[in-house]
Amino acid sequence: MIEQTLAIIKPDAMAAGYADAIIKQILNNGFNIIQKEEINLSKEEAEGFYAEHKGRSFFDELVEFMISGPVTVMVLEKDNAILAWRDLMGATDPAQAAEGTIRKLFGASKGNNASHGSDSATSAAREIDYFFPKTCCSH
Ligand code: IDP
Ligand code: MG
């Protein structure tokens, strides 16, 4: 099934100059990038985006990281996009991520792991709507 998912190139990867290489990987893997915007998240936006993690030990660190510099937010589309993008990113911790994945190639640590991807259809609909209202399938 053709799906859409939300991808973010996180501040670490943006600052290191990896954005173009990551976008190249996305296109090489057959995704269509149907929305793309470089933005600076406010603290409130970052907290709201990661609301599911509120109360976790790493929440404050995560929010500070996500507002530390610009990010690129994108809507990716292809067959099974949600799982396909999670697979291409690799495991949350770059040390555990498979060879050739984006987090393995460009991530430095479990926190600074270069990219975000929606983890389910429900998350994808919410996250796409969070940054690109009226884009996703839920409308
Ligand atoms: P995911 O991004 O692979 O879905 P989640 O468990 O949803 O992973 O965590 C969201 C983000 O929070 C991670 O991508 C990472 O940036 C950060 N994070 C998760 N666990 C830790 C941790 O133990 N220490 C620091 N940051 C973490
Ligand atoms: Mg997650």
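Whatever order the structure lists ligands and atoms in, that order sets their numbers, starting from 1. Just so you know, these numbers come straight off a predicted model, no measurement behind them. Note that these values count all heavy atoms, side chains included, but never hydrogens, waters or copies made by symmetry.
- Neither the backbone nor the side chain of R56 has any atom closer than 4.0 Å to an atom of ligand 1 (non-hydrogen atoms only).
- Ligand 1 has no nitrogen or oxygen under 3.5 angstrom from a nitrogen or oxygen of E52.
- Distances between N or O atoms of R103 and those of ligand 1 include at least one value under 3.5 Å.
- Residues E38 and V73 fail the side-chain proximity criterion, which asks for heavy atoms closer than 4.5 Å.
- In terms of protein heavy-atom proximity, atom 9 (O) of ligand 1 is closest to H53 NE2, 3.5 Å.
- Taking the side chain as every heavy atom from C-beta outward, K104 and E99 approach each other to under 4.5 Å.
- Looking only at heavy atoms of the protein, atom 4 (O) of ligand 1 is closest to R86 NH1, 2.8 Å.
- Note on ring orientation: taking the six-membered ring where Trp is involved, the planes of H116 and F49 are perpendicular (angle over 60°, cut-offs 30° and 60°).
- Of the possible polar contacts, none joining the R86 side chain to the A91 backbone as a donor-acceptor pair under 3.5 Å is found.
- For K54, there are no side-chain hydrogen bond (donor to acceptor under 3.5 Å, both in side chains) partners two or more places apart in sequence or in a different chain.
- Checking only distances, N112 never comes within under 3.5 Å of ligand 1, N or O to N or O.
- For Y18 (side chain) and F106 (main-chain N/O), no donor-acceptor pair under 3.5 Å exists by modelled atom type.
- Nearest non-hydrogen protein atom to atom 26 (N) of ligand 1 is G111 CA, 3.3 Å.
- Residues passing the side-chain hydrogen bond (donor to acceptor under 3.5 Å, both in side chains) test with D119 are S123, sequence neighbours excluded.
- The number of heavy-atom neighbours closer than 6.0 Å to NZ of K36, taken from other residues, nucleotides and ligands shown, is 12 or below.
- Residue-ligand proximity: M66 is placed with every non-hydrogen atom at 4.0 Å or more from ligand 1.
- Residue-to-ligand polar distances keep F58 apart from ligand 1: every N/O pair is separated by 3.5 Å or more.
- For atom 17 (C) of ligand 1, the closest non-hydrogen atom of the protein is L62 CD1, 3.9 Å.
- A donor atom on one side chain and an acceptor atom on the other are not found under 3.5 Å apart for K10 and N112.
- Any N or O atom pair closer than 3.5 Å counts here, and K10 shares at least one such pair with ligand 1.
- Between E61 and ligand 1, no N or O atom pair is found at a separation short of 3.5 Å.
- What sits closest to atom 3 (O) of ligand 1 on the protein, heavy atoms only, is T92 OG1, 2.5 Å.
- What sits closest to atom 23 (O) of ligand 1 on the protein, heavy atoms only, is K110 CD, 3.6 Å.
- In terms of heavy-atom proximity, S68 sits nearest to P11 at OG-CB, 3.4 Å.
- With ligand atoms numbered from 1 in the order given, ligand 1 contributes 13 (C), 14 (O), 15 (C), 16 (O) to contacts under 4.0 Å with heavy atoms of N113.
- Residue contacts with ligand 1 leave out M89, since none of its heavy atoms falls under 4.0 Å from the ligand.
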